[in-house]
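Remember, it's a predicted structure, so these values are computed and weren't measured experimentally.
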Amino acid sequence: MFCQKCGKQIPDGAVFCNFCGGQQGVVAQAPPAPGYPPQAPPGYPPQAPPGYPPQQPPAPQHPAAYAPAGSKDLKCSSCGAPLTPQGGLTLITCDYCGTATSLGTGGWSVIQKHFMLDNRIDQQVALETGGKWLDQGLLRRNVAKNAELLEATLRFVPYWIVPTSVTADIQGLKGTGQVNLGGGQGAGHTAAKIGLSILAGAAAAAAASQRGGHVQMNQPQPVRVRDRINVFYNIPVVGVRGYTKYQPDDGYQFNVQGKTSYDKKKTGGVETLDGDVAEQEANQFAQSLAQKYAEKEARKRVDTLESFVPYFQQSPGELLHAPVWFVRYNHKGKKEMYILIDGNASKVIDGERPAASLW
């Protein structure tokens with residue numbers, strides 16, 4: 001599509017030109033000359049002769065509209081407001097109407113599915129949520145109390161939400177072998193080597209040692225398992241390349257059921273980030289994460305995973321601006337760590353915490 005005023009290429013379906021701001025309209029066609037039958041509209045298929053299959057209209061071809069290199073002063077294709085890309089960003093959200101525009105290598109495109117989640121917690125609740133997460137675990141105590149707060153910032157961060165399903169054929173072994181516990185004083189020590197069966201094995205070995213005998217613990221022989229798993233994830237991929245810490249890495253999923261259409265006014269003036277990750281790149285990264293999560297699920301079915309053959313299917317994604325609290329803290333003056341907190345669901349997305357801290 002070309003601007004009717006300046007002639008430059010603009011996104012298909014644009015209402016305003018991204019360069020000159022000129023409003024686009026439909027130019028009326030001249031009426032046919034008298035005495036001539038009206039011509040069929042473009043793309044209208046003629047009648048096929050009897051016995052031949054009907055002809056299909058050719059697919060419309062739309063040339064990609066590329067932004068000039070180093071473009072700094074552009075205009076929204078929906079409302080005509082000025083856009084100012086910064087730092088090579090290619091995913092721009094209009095501050096006035098909220099229309100998201102992608103300036104990828106394949107040309108300009110207006111993102112049709114753009115949603116957001118509202119922020120429901122303040123800084124105090126975010127810190128309490130993060131503090132509870134810090135103190136989880138048997139080897140952690142008073143971690144939050146001993147943490148020095150360095151930063152607690154709320155931002156609306158763009159995520160590509162990519163619906164991805166994985167069907168995987170798996171093969172592996174399930175079950176353990178036979179463990180023998182010899183009699184005598186060393187029976188209890190040998191029992192400690194069988195992992196989760198330590199208590200039962202030690203008790204049986206102790207009883208046998210008093211009788212001067214021995215105990216034999218029979219475990220089922222390994223069984224070969226062939227199975228198929230089906231899992232589905234709404235995988236979030238952070239849309240800002242430099243924000244790697246904002247990328248969930250443990251299967252976290254946002255509450256997309258509570259999403260609403262993006263509205264800049266709903267952010268309450270909180271910083272809203274643009275991005276530089278194209279949708280196609282997000283799809284590829286989501287597939288790699290889906291394989292990781294599905295393989296983790298497969299390992300729950302077997303003790304030893306021998307074969308994992310996945311098949312992927314992805315649906316069209318959508319852009320979601322999610323409220324994320326970024327909390328940065330220092331633990332006992334030794335190391336800086338961070339926590340990501342979902343401002344909509346008041347849950348920890350990801351983060352870092354000490355492996356052990358008892359005092």
Trainee: Closest approach of Val125 and Ser346, non-hydrogen atoms and distance?
Mentor: CG1-OG, 4.0 Å

Trainee: May I have the step-by-step check of side chain to side chain contact (heavy atoms under 4.5 Å, CB included) for Ile339 and Trp133, ending in yes or no?
Mentor: CA-CA 9 Å; Ile339 310 174; Trp133 180 79; 4.1 Å; yes

Trainee: Looking only at heavy atoms, what is the nearest atom pair of Trp160 and Gly239, with distance?
Mentor: CD1-CA, 4.4 Å

Trainee: Give me the ring orientation class for Tyr293 and Tyr233: parallel if the planes are under 30° apart, tilted from 30 to 60°, perpendicular past 60°.
Mentor: perpendicular

Trainee: The test is salt bridge (charged side-chain N to carboxylate O under 4.0 Å, His left out); show your working for Lys292 and Asp249 and say whether it passes.
Mentor: CA-CA 10 Å; Lys292 174 183 176 181; Asp249 193 34; 3.0 Å; yes

Trainee: Taking C-beta and beyond as the side chain, do Gln247 and Leu289 meet within less than 4.5 Å on heavy atoms?
Mentor: yes

Trainee: Give a yes or no on whether the backbone of Ala126 and the side-chain of Asp122 come within a donor-acceptor separation of less than 3.5 Å.
Mentor: no

Trainee: With side chain to side chain contact (heavy atoms under 4.5 Å, CB included) as the criterion, how do Thr260 and Phe115 come out once you've worked through the C-alpha distance, each side chain's angles and the decisive distance to 0.1 Å?
Mentor: CA-CA 5 Å; Thr260 58; Phe115 303 97; over 6 Å; no

Trainee: When rounded to the nearest 0.5 angstrom, what is the spacing between OG1 in Thr167 and CG in Asn230?
Mentor: 4.0 Å

Trainee: List in chain and number order the residues that pass side-chain hydrogen bond (donor to acceptor under 3.5 Å, both in side chains) with Lys347, two or more places apart in sequence or in another chain; answer none if no residue qualifies.
Mentor: none

Trainee: Looking only at heavy atoms, which two atoms of Ala294 and Val231 are closest? And how far apart?
Mentor: CB-CG2, 3.9 Å

Trainee: Calculate, to the nearest 0.5 Å, the distance between atoms CG and NZ belonging to Leu320 and Lys113 respectively.
Mentor: 13.0 Å

Trainee: What's the shortest heavy-atom distance between Gly275 and Val240, and which atoms?
Mentor: CA-CG2, 4.1 Å

Trainee: Determine which pairs satisfy salt bridge (Lys or Arg N to Asp or Glu O under 4.0 Å) with at least one residue from residues 146-160, sequence neighbours left out, and list them in order.
Mentor: Glu151-Arg155, Glu151-Arg328, Arg155-Glu271

Trainee: Taking salt bridge (Lys or Arg N to Asp or Glu O under 4.0 Å) as the cut-off, I'd like each qualifying pair that reaches into residues 253-269, sequence neighbours left out, listed once.
Mentor: Asp95-Lys264, Lys259-Glu318

Trainee: Does any N or O in the side chain of Thr272 come within less than 3.5 Å of the main-chain N or O of Val270, such that one atom is a donor and the other an acceptor?
Mentor: yes

Trainee: Flag yes if Met337 and Leu134 sit in one hydrophobic cluster, no otherwise; membership is Ile, Leu, Val, Met, Phe, Trp, Tyr, and two members link when side-chain heavy atoms are under 4.5 Å apart.
Mentor: yes

Trainee: With under 30° as parallel and over 60° as perpendicular, where do the rings of His321 and Tyr262 fit, or are they tilted in between?
Mentor: tilted

Trainee: Testing the basics here: between Leu127 and Ala152, what is the closest heavy-atom pair and its distance to 0.1 Å?
Mentor: CD2-CB, 4.2 Å

Trainee: Just jot down the side-chain contact (heavy atoms from CB on, under 4.5 Å) partners of Asn119, sequence neighbours excluded, or say none.
Mentor: Ile121, Leu154, Phe156, Pro323, Trp325

Trainee: Quick one: list whatever passes side-chain hydrogen bond (donor to acceptor under 3.5 Å, both in side chains) with Asn146, sequence neighbours left out.
Mentor: none

Trainee: Counting neighbours of NZ on Lys332 that are heavy atoms of other residues, nucleotides or ligands and sit closer than 6.0 Å, is the number greater than 12?
Mentor: yes

Trainee: Enumerate donor-acceptor pairs with a distance under 3.5 Å from any side-chain N or O in residues 137-145 to protein atoms, sequence neighbours excluded.
Mentor:
unit_1, atom_1, unit_2, atom_2, d
Arg140, NE, Pro354, O, 2.6
Arg140, NH1, Gln136, O, 2.5

Trainee: Quick check: closest heavy atoms across His331 and Ser357, and the distance to 0.1 Å?
Mentor: NE2-OG, 3.3 Å

Trainee: Would you call Glu306 and Arg226 a salt bridge, taking side-chain N to carboxylate O under 4.0 Å as the test?
Mentor: no

Trainee: Please tell me if the side chains of Thr93 and His114 come closer than 4.5 Å, counting only heavy atoms from C-beta onward.
Mentor: yes

Trainee: Can you list the steps and then say if Leu305 with Ile170 is a side chain to side chain contact (heavy atoms under 4.5 Å, CB included)?
Mentor: CA-CA 7 Å; Leu305 183 62; Ile170 65 173; 4.1 Å; yes

Trainee: Are the side chain of Ser288 and the backbone of Ala286 linked by a donor-acceptor contact shorter than 3.5 Å?
Mentor: no

Trainee: Answer yes or no: is there an ion pair linking Glu295 with Arg299, defined by an N-O contact shorter than 4.0 Å?
Mentor: yes

Trainee: So, do Leu340 and Tyr246 sit near enough that their side-chain heavy atoms are less than 4.5 Å apart?
Mentor: yes

Trainee: Is it the case that one hydrophobic cluster holds both Met116 and Leu273, taking links as side-chain heavy atoms less than 4.5 Å apart, direct or via other members?
Mentor: no

Trainee: For Arg301 and Asp227, run salt bridge (charged side-chain N to carboxylate O under 4.0 Å, His left out): C-alpha distance rounded to whole Å, both residues' side-chain angles, the deciding distance at 0.1 Å, then the answer.
Mentor: CA-CA 9 Å; Arg301 310 282 184 96; Asp227 199 358; 3.1 Å; yes

Trainee: First locate atom CD of Gln314, then atom CD1 of Ile235, and finally report the distance between them rounded to the nearest 0.5 Å.
Mentor: 7.5 Å

Trainee: Can you measure from CD (Gln253) to CD1 (Ile349) and round to the nearest 0.5 angstrom?
Mentor: 12.5 Å

Trainee: Consider only side-chain heavy atoms of I, L, V, M, F, W and Y, link residues closer than 4.5 Å, and tell whether Phe308 and Phe312 are in one cluster.
Mentor: no

Trainee: Taking atom CD of Gln313 as the centre, report whether more than 12 heavy atoms of other residues, nucleotides or ligands fall under 6.0 Å from it.
Mentor: no

Trainee: So do the side chains of Val324 and Ile341 get within less than 4.5 Å of each other, counting heavy atoms only?
Mentor: no

Trainee: With a 4.0 Å cut-off, would you call Lys296 and Asp250 a salt bridge?
Mentor: yes

Trainee: Is there a path from Leu173 to Ile229 through hydrophobic residues (I, L, V, M, F, W, Y) whose side chains come within less than 4.5 Å of each other?
Mentor: no

Trainee: Find the distance between CD1 (Ile161) and OG (Ser315) and round it off to the nearest 0.5 Å.
Mentor: 13.5 Å

Trainee: Parallel, tilted or perpendicular: which one describes the rings of Phe254 and Tyr159, with boundaries at 30° and 60°?
Mentor: tilted

Trainee: First locate atom CD of Gln284, then atom CD of Gln280, and finally report the distance between them rounded to the nearest 0.5 Å.
Mentor: 5.5 Å

Trainee: If we only count heavy atoms from C-beta on, is the Leu319 to Pro158 side-chain gap below 4.5 Å?
Mentor: yes

Trainee: Measure the shortest side-chain to side-chain distance between Asn344 and Asp118 over non-hydrogen atoms and say whether it is less than 4.5 angstrom.
Mentor: yes

